[in-house]
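Below is one structure, written out as structure tokens; the observations come after it.
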Amino acid sequence: MADKPIPPITPAKDIEVDVVIVGAGTGMAAALSAHEAGLSTLIIEKSQYMGGSTALSGGAFWIPGNKVLRDSGADYDQKRAHLYLENVVGDSAPKERWEAFLEHGPAAVDVMIRNTPLEFMWCKDYSDYHSDLPGSAPSSRSVESKPFNAAILGAERARLRPSALGAPIPMPVTGVDYKWMNLMAKVPQKGFVKAAGRAAQGIGGLALKKEFTAGGEALAAGMFAGVIKAGIPYWTETGLVEILTDAKGAVTGIKAEQKGKQVTITARKGVILSAGGFDHNAELRQKYQSETFKGQWALGAESNTGDAITLGQKVGADITLMDQVWWFPSVAPTKEGGRPGVMLAERSLPGSFMVGSNGKRFINESIDYMSYGQTVLQRELDGDPIGDTWIVFDQEYKNSYLFAAISYPRTPLPEAWYEAGIAHKAESPQELANKMGVPVDAFVEQMNTFNGYARAGRDDDFNRGEATYDRYYGDPTVTPNPNLRQLSGTLYAVKIVCGDLGTCGGLKANENAQVLRADGTVIDGLYAIGNSAGNAFGNRYPGAGATIGQGIVYGYIAAQHAKSRA
């Protein structure tokens, strides 16, 4: 089980392999692709856990045209996906990058199906994030793992990175389940049935010595199981310290360090960097994103400090998109250094809106989370910061929906939130404004304006609820707009911070995942995937699971290219 001690690590030593992979998130998918291609493969992982930020995520992947979509009757037309990405990405990333992603995506998923015990399902109706653009799929191109029995990992189960989301009882809640479980007070015929089913699966599984997980933990567990079955060696607590090159500048391997001991790993075919971004490197984030950033709100693995990126630069690699982040608005932590609370549907649900320090709305609250963060950051860079941000809602909202995965319908917000000043409760808009510290008149006017929009069912300021994506996390029992309802009675405010799922700028790579120099030439033998590379979609997030999706696909591409190297 997850609370058992982690088995002893495999001692690092000088070794020669075809491919060494740095990072054990989607790097495990790259390892499976390399192994299937007949390459001897080694994974090194800086932390004590396998799974990386993938294990902490929702676990979906966005890879158009794959077998799961085809078998489920989803929109798998690659021409439409091409049109969509052309409109989404524009000139923010090289066309060759996202076209290679589209071309090789189905084959990359096939490798996962063949080499792991995972079973996948279509996230039906989870619309592409930019559903207003030509080529989008309102019915979804996202896929996730079905609940997975992590107990098959045996003693190595303890080495799997624990999920950041834990239910009070064992129940593997998938993303598809979450939508309806969040609405169980409003749509009980769906919500309660799904909750009861997952609880029965989780609790009943324990009686059979099975431990069902879901989301990113399930995806990481399944990849880890595939790695173990394939006999691919993995060294945890082993960090990258140097990338080795020959006289011509080609990469020949790496130096790694485990518990103070340095070893040399010679790579005949290539080094694949999959060590995440620089989520927890405050110096780099202040340099490339915001001088005010302290790194305290990142939700990715704590080991993501940008080592692969900075060491890649030392051998001549160029960088790109370093200002870009998979933003994810979150509940403010109750203490300095604490972990933010996860939010997903909360911003879209009716009976709520968000304001900044001036007491006014600043965005379509239902917009995708990356676009949300980009708006907040751009306002700061423009010298017009939004300041402290609050989500405001009423008692009916609190009685109806799950909040931050811990506060259930008809239950109070945590007392610790009030004590920390990140939550307030009031009987009037004026009182709530005073407690939030925002201008009273501006807030009262804003609430009256919002309520007018809600009665009309149309948000004339930000068009909330107009897009298909907006409505996915809305409340279908509220009409005419499932994202809008006027607020009344007892009011609440919870402080929101601009958290993130990880940075998505990094080493500049081409369509083969090869790392490039500033002059555009290739660093032979060096590959970058996942958040160690610049986002293949530039400054955009196409749909749920696009970050994991490109890690899986570019891992496959890198392995195939490495195989072809002389």
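Being a predicted model, the structure only gives us computed values, none of them experimental.
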[X] vs [Y] side-chain heavy atoms within contact, under 4.5 Å:
X      : Y      : result
Gln378 : Leu381 : yes
Ile21  : Ile44  : no
Thr547 : Asn531 : yes
His280 : Ser303 : no

Using only heavy-atom distances, determine whether the side chains of [X] and [Y] contain a donor-acceptor pair under 3.5 Å.
X      : Y      : value
Asp177 : Thr174 : yes
Trp326 : Asn535 : no
Gln324 : Gln374 : yes
Lys46  : Thr305 : yes
Glu380 : Thr292 : yes
Asn304 : Ser53  : yes
Tyr556 : Glu36  : no

Test: [X] and [Y] ion pair at under 4.0 Å:
X      : Y      : value
Asp524 : Arg565 : yes
Asp75  : Arg70  : no
Lys269 : Glu16  : no

Closest approach of [X] and [Y], non-hydrogen atoms and distance?
X      : Y      : answer
Ala332 : Val497 : CB-CG1, 3.7 Å
Thr503 : Gly277 : OG1-CA, 3.3 Å
Pro333 : Gly338 : CB-O, 3.4 Å
Ser532 : Leu273 : CB-O, 3.7 Å
Leu160 : Ala221 : CD2-CB, 3.6 Å
Met50  : Phe224 : CG-CZ, 3.7 Å

Enter the distance from [X]:[atom1] to [Y]:[atom2] here, rounded to the nearest 0.5 Å.
X      : Y      : atom1 : atom2 : answer
Ser136 : Leu85  : OG    : CG    : 11.0 Å
Ile552 : Ile529 : CD1   : CD1   : 9.5 Å
Thr41  : Leu32  : OG1   : CG    : 9.0 Å
Cys504 : Arg540 : SG    : CZ    : 12.0 Å
Ile63  : Gln550 : CD1   : CD    : 10.0 Å
Trp62  : Leu69  : CH2   : CG    : 10.0 Å

Could you tell me which residues satisfy ring-ring contact (aromatic ring centres under 6.0 Å, His included) with [X], sequence neighbours excluded, listed by chain and number?
X      : answer
His104 : none
Phe61  : Phe120
His82  : Trp98

Indicate yes or no for a side-chain donor-acceptor contact from [X] to the backbone of [Y] under 3.5 Å, with no hydrogens or angles considered.
X      : Y      : result
Asn66  : Pro106 : no
Ser290 : Gln286 : no
Asp318 : Asp519 : no
Ser72  : Val68  : yes
Thr116 : Met112 : yes
Ser330 : Phe328 : yes
Asn281 : Glu283 : yes
Trp122 : Ser140 : yes
Arg161 : Leu56  : no
Glu144 : Gly59  : no

How far apart are the C-alpha atoms of Met28 and Val227, what are their side-chain angles, what is the distance that settles it, and do they pass the side-chain contact (heavy atoms from CB on, under 4.5 Å) test? CA-CA 7 Å; Met28 290 192 287; Val227 165; 4.0 Å; yes
Going through the distances and angles, do His130 and Tyr469 end up as a ring-ring contact (aromatic ring centres under 6.0 Å, His included)? CA-CA 7 Å; His130 303 280; Tyr469 173 73; 8.4 Å; no
Option from Tyr554, Phe101, Tyr84, Tyr129 for which ring-ring contact (aromatic ring centres under 6.0 Å, His included) with Phe537 holds: Phe101
Is there a side-chain hydrogen bond (donor to acceptor under 3.5 Å, both in side chains) between Asp128 and Ser131? Walk through the geometry before answering. CA-CA 5 Å; Asp128 287 343; Ser131 55; over 6 Å; no
Restricting to side-chain contact (heavy atoms from CB on, under 4.5 Å), what partner residues turn up for Thr320, sequence neighbours left out? Lys508
Can you name the side-chain contact (heavy atoms from CB on, under 4.5 Å) partners of Gln258, sequence neighbours left out? Ile9, Pro11, Ala12, Trp235, Thr238
Residue pair Glu217, Arg157: steps toward the salt bridge (Lys or Arg N to Asp or Glu O under 4.0 Å) verdict: CA-CA 11 Å; Glu217 189 176 27; Arg157 169 67 180 91; 3.1 Å; yes
Does OH belonging to Tyr76 count more than 12 external heavy atoms closer than 6.0 Å? no
With a 6.0 Å cut-off (strictly less than), is the heavy-atom count around CG of Asp382, excluding the residue itself, greater than 12? yes
Take His561 and Gln514 through the test side-chain contact (heavy atoms from CB on, under 4.5 Å) and record every step on the way to the result. CA-CA 9 Å; His561 191 274; Gln514 295 170 285; 3.2 Å; yes
In a check of salt bridge (charged side-chain N to carboxylate O under 4.0 Å, His left out) between Glu86 and each of Lys79, Arg80, Lys95, which one passes? Lys95
Throw together a table of side-chain donor-acceptor distances under 3.5 angstrom for residues 239-246, partners on residues two or more places apart or in other chains.
unit_1, atom_1, unit_2, atom_2, d
Asp246, OD1, Lys248, N, 2.9
Asp246, OD1, Gly249, N, 3.1
Asp246, OD1, Ala250, N, 3.0

For the pair Thr266 and Val17, evaluate side-chain contact (heavy atoms from CB on, under 4.5 Å) and give the outcome as yes or no after the intermediate values. CA-CA 6 Å; Thr266 301; Val17 293; over 6 Å; no
